[in-house]
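First the proteins, then the strands, lettered A, B, ... as listed; each starts at 1. Scope of the values below: all heavy atoms of this structure, side chains included, with no hydrogens, waters or symmetry mates.
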Amino acid sequence: MFSLEGITKSIDRWLNSTFHPTLALLLEFLIVGLCAITLFAVLGLVLVLMERKVSAYMQIRRGPNRVGPGGSLQTVADTIKLTMKEGLTPDGADKFLFNLAPFVVLTVAMLVLAPIAFAKGFQLWDINIGVLYISAVSSVSIIGILMAGWASNNKYSLLGAMRSGAQIVSYELSAGLSIISMVVLTGSLQISDIIASQQNGWWIFKGHIPAIIAFVIFIIAVTAETNRAPFDLAEAESELTAGFHTEYSGMKFALFFLAEYVNIFIVCAIGATLFFGGWMPLHIGNWTGFNHIMDYIPSSIWFLGKTFFLIFLIMWFRWTFPRLRIDQLLNLEWKYLFPISMFNLLLITVMAIMGWHF
Amino acid sequence: MFLKKYLSDIFSAVASLLKGMRMTGYYFTHRKEIITQNYPDNPELMKLPERFRGEVVMPHDENNEHACTGCTACELACPNATIKIITKFDISPDGKKKKALDTFIYHLELCTMCNLCVVACPTDAIKMAQNFEHSVFDRSKLTKKLNAPGSKIREGIE
Amino acid sequence: MGSSSLIVLLIAGIAFSAGGIAVARIFVKGTKNPQKGQPYECGIPSDGTPWKQFNVGYYLFALVFLIFDVELIFLYPWAVVVKDLGMVALVEIIVFLFILFMGFLYAHKKGALKWV
Amino acid sequence: MLKILNTNHSQLTTHMFEEVATTTEGDLVINVGPQHPSTHGVLHLLITLSGETIKNVEPHLGYIHRSIEKMCESLSYRQFIYVTSRMDYLSSHINNHGCALCVEKGLQIEITPRARVIRVLMDELTRLASHQLWWGAMAMDVGALTPFFHAFREREAINDIMEETCGARLTMNYIVPGGVMFDLHPNFQNRVKEFIRFFKTKIDEYDDLVTGNIIFQSRMKRVGYLSKEDAISYGCTGPTARASGVSCDIRKLYPYEVYGNLKFDEIIETGGDCFSRYLVRMQEMRQSLSIIEQLIDNIPDGEFQTKTKAVLKLPKGEFYSRVETARGEFGVYIISEGGTTPYRIKFRSPGFSNLSALNHMAKGHKIGDLVAIMGTLDLVIPDIDR
Amino acid sequence: MSASSVIFYVISGFILATALLAVTTKKIFRSAIWLLFSLIGVAGLYFWMQMEFIAAVQIIVYVGGIVVLIIFSIFLTQQSGNEMQKPSGIRTIFSILAVCIGFTLTYLLIRPYIFTPSSNTPMEVSVKNIGSQMLSTTEHGYVLPFEVVSILLLAAMIGCIVIAMKIKPEEK
Amino acid sequence: MKEENQTTEQATPFPGEVHPTAGGGIVLSKLDDVINWARSNSLWPLVFGTSCCAIEMMSTASAKYDWSRFGFEVVRATPRQADVIIIAGTIVNKMAPVLKRLYDQMADPKYVIAMGACATSGGPFFYNTYSVVKGADHVIPVDVYIAGCPPRPEALLHALISLQEKIRSGATREQIKSQV
Amino acid sequence: MSEIPLSHILLVSTALFFIGMYGLFTRRNMITMLMSVELILNSVNINFIAFNKYLYPDKLDGVFFTVFIITIAAAEAAVAIAIIINLYRSHQSIDVEDAGEMKF
Ligand code: SF4
Ligand code: SF4
Ligand code: SF4
């Protein structure tokens, strides 16, 4: 059976047997780095294409279909074009910070990849504070956005950056609270433990209604945190032209764009891990036969399937809803999401202590 | 009371959002609703109505004859001087001088397809054609001469 | 592969962005003109700089957020052990959250969470 | 009388002083437009912001001033009509209609019943198309992108019908003094009926997708309030005024063509906010549908054009006519010296007055609201600049 | 020198360099960004010491909270594009002197002291341990501070709101 | 009133003029092909509609014509990220500097399509008006002209396809004009 | 990490402390002074963690102290910024020299 774990193991073994240990380690690093970069690029390409196709079908049109078979090369063309486009820096900008901002945003997105379990045994670093690490590191990207907005020396950028600052900051709370309420159930922050705790069923099923509430709040909050519509105030087209990246062009803009999509992937991966069991196949209690059949589907497929389902959900939101206004957005968080998620946390705690979940 | 309103607010809000999502979800799953025409790919599907006004043409028959007398009625009718008619004097066989069309200059880049010239023409010498693929790289290519080289007026048209 | 993956990913991230930008730098020759470097503002010359004092309506949210953010970091260790400790932890956290919720209500009452 | 004038005047001046914004430290002056996705063309707004709150909006015009009024002075009475399609291009047909009415008034010609019905039918189709586009663009302004495409699907259906009969999709130039340019296409009746059937199902989808949406409603409600008095004093017309409770439908008040014999309602809402304006337009679509339904089976036979002279000459005098476009009252005022071209033409365009209320409405709101308000005003800038 | 110590020196250098930039840069926004990097560097140092929890807390609170708040307040109170006025020369000199003397003194104090690394079996710094000790009511438990912190936070929040909203009504 | 012919022949280069050549001779021609292919298939237009033609441009974006099939649907509101300006509508004297500025602010490579009679030559406003620019190419260099008032959405698609071909061939603006 | 002696870490934290002090001395702007204070607090945190790690690895008290210091730093920053903003509103300046009389 196809398994990523086996492949990594065999590569590791081969490297260690052929080379000097230090060299082998370095080579391993190199391979990991290259893989991460490739993953990034591929994710960007696939997600952008997916977004365009999804939007097209919802809008009763066809979407890209002329570049490559079925339009599959559309995003490749876009990427090459963006790379080959002049990346300008406005004269009045704070040049250093202006050019630093895309680095920050992209590097942060890259760092968050570390603890994500892509498949059984395929994880870069099973850090013991897993989800906390992710919510910590991803909060750095807001600084990149503020930096970009301020350094551009453009009023639209500044407004967009400020909006996105307030927004990301606020929604971190309810995202954090819904993560915590799942942690109450799992009893661990470590990604592998979280997945292992869903051996006999995913939390969204095991956790009754509170888990579903937590999931809804989570998905709303991460939509807001990734600056996606209906919370895309930071780049609200019809208000602020392009928001904080108004002045960015070419590759620098592409990096923002890419980071946005990778961030979506990451938050959806976290959602899939917390609520849908990551790479864990669909197991129901002790129906061993059924569970066995499910095990035949490779774990990476499970993981990607769940993640892409969540991504699709977020895209669905985007192509359906109007955008909120900034005060409504903050209202939603402070009046509804935050108190509800606090209350929900207590509910889940009681449930966990009483052992009312399956 | 407050709680009840709070909760019912949330439920009605979520319900309205789900309604919208059902709509887009319906279109997402029903490919037959797609109405895209695929313009350059299947030209046979593209039927333009016969009245569509794409450009002014001067029909010529198989003898390379047109019906324009050079009366300049169209030139006068045109609101933005798209048409310039240059006339000449033909010597008819019986020796009489007769005004005739020399060149019918048509500035496609100025034309607004308003149909006034066609209405004004007493002899129906010009009509609107359906061709719309007018993109060019050089704007001077849009200035056209409508009467074919060597063409002359059809017999019997006054 | 442990914590060294952080370093690898850090370098990969920087290399990726730097590589992309460098390619554009090297191969693409843009033209220069005096208007290109000016800020874009819908095609009208920008008047004044955005780098001046600016009324941020959101800073109160940020203040309140900071407090709750700190609260969150106490919740993480709590959440991990709550199942083992049982009722004690529940009581403790109810007290904790209750006190903070008071603050939240106060902020609400004072209108700090309203848009200014 | 004098007293009333005086008080009014003083009110006006204090009002005007209020309008003058005081820019203080911490305010940001931003240009929105002329090239901006939400200005629907080339409106230039100079916005003074305090944080995100709008302190003042100053519209700057002239970015699409094409001097159409001046141009009309050198065009003949037949020719000038077509230029007016380029003013409010979304209701180009109704514009042409207004001009033709004015010319016919001057010429004192009666047009045939068939032509009247055809004109009204086309007017209402245009109004539908215009409102559909407004609906899509409005939804796009507040951030929902899908409605735009759904609106254009229906609009394309209307465009196809138009194209079949008039020969063009947007700037039809179908009305000529004395009637219409061509007779109806034989397919016209069937296709319109089919369209009505199709659109009736779709307009309910509009409600599902946008009207009922909680986000949309909260973006619209209590935003951009315009009181009845203000609507009158700013000279607003059309859906903008009707949403504030002003009855101003020219079709009802000064019926032209066959509107007097038709059964339809003037939609009046009293909310005065963006959502009322939205609702007025949504209901107007249904009203237009009912007008079309009433007429489509009762198109009288006969000539579609009265014979007119080849060169039209209006007698010396002044002529005014008005029609109800999708945006409000459109007036045409012609001064003739008796020649073949007008001496002076003045258009009263609905957009101009509606735009003047923008500052009043937008003050104190957020940028996002400004976009929503402009969306519900349904501005067409060339109509304002001319 | 092993890779680990190289990393330590790199991180330390990064922290000190960015901290130095943070206190000397003329543009206040840049100064905040340098501070941010310095704080991230400290978080990196915690990672290096395998105190992942503390590192994450550092990032969440400092980077996600305090620096953002500082940036907001910069926008609110500064002409963020202007350069800050330079401190007077004498002041700079005296500050440098004072700082150098202070540093040397402390250095001299630290240097002779010999730290004996403990040989006790180390306790794993996992969140679980932290949590159970934090919530335990025994002698080494931190449940009292834990509850007191909530009161502190409450006080801070009320304080903030009272202070920050004080002038609001007059302004309008 | 015949000056429009002289100005089109005018050879003075515009300050922002670009030649869509990639690599500047460093890269191999094969790579050049790839780059031109990418550029041609990823033309992101700038939101620039001034009047009636803009409605037809919107129609082109709409479901029936759907320019996303070619990858044009990523309409950018800021010139920094756009590749092509579709001048949809009349350019009047007051708008001309704005158009120039927007064009100048675009990142290279950049292309221009003049849509409709107005942008091509002033169209209905060629005579009798005092305020209309007689063709956008008096302000910025134009690559493709579309006649029509307004052109059908298909006509705009046709123009975009022509522009794609032009970019793919890698020829400069002058070369294309002198060919054909 | 074992080959780095504890004194090196202490050195780093001392240096950080004095950099913060330098900022505190030279800056006249309240926000920058607040930033310097944050640096100082951080240097303290480093010490706590290092001591905990090197000298008392069987205990967690250093960790707790750090967490509480971070908490207090956050509360302090929030209050300080509220004060700064308030001060700015009344004085239009946040220079410490201008804020001599803090009588509220
Ligand atoms: S269609 Fe109109 S603009 Fe074109 S040539 Fe005829 S009259 Fe002139
Ligand atoms: S085309 Fe018709 S109107 Fe024009 S000159 Fe010829 S005959 Fe006369
Ligand atoms: S070409 Fe015609 S449709 Fe286009 S902008 Fe000009 S007048 Fe309007």
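- If you tally non-hydrogen atom pairs under 4.5 Å between each of B:M113, B:E133, B:H134 and chain F, the highest count goes to B:E133.
- Options F:I146, F:D66, F:L163, F:T120 differ in how many heavy-atom pairs under 4.5 Å they form with chain B, and the most are formed by F:T120.
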**OP:** Would you check, one step at a time, whether the test salt bridge (charged side-chain N to carboxylate O under 4.0 Å, His left out) holds for F:D137 with B:R139?
**Re:** CA-CA 9 Å; F:D137 49 8; B:R139 157 171 139 179; 2.9 Å; yes
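- Residue with the most contacts toward chain F among B:T112, B:T82, B:L142: B:T112 (heavy-atom pairs, distance under 4.5 Å).
- Counted within 6.0 Å of NZ on B:K144, heavy atoms from surrounding residues, nucleotides or ligands total more than 12; the atom is thus considered enclosed.
- Heavy atoms closer than 4.5 Å to chain B are found in the side chain of F:I161, but not in its backbone.
- Relative to the ring axis of F:Y103, F:K110 places its NZ or CZ within 45° and under 6.0 Å from the centre.
- Panel note: side chain F:D143, backbone F:V112; a donor-acceptor pair is recorded below 3.5 Å.
- Geometrically, F:R39 does not engage F:Y111 in a cation-pi contact, judged by NZ or CZ lying under 6.0 Å from the ring centre and within 45° of the ring axis.
- For a residue to count as touching a neighbouring chain, one of its non-hydrogen atoms must lie under 4.5 Å from one of that chain's; by this rule F:P124 touches chain B with backbone and side chain alike.
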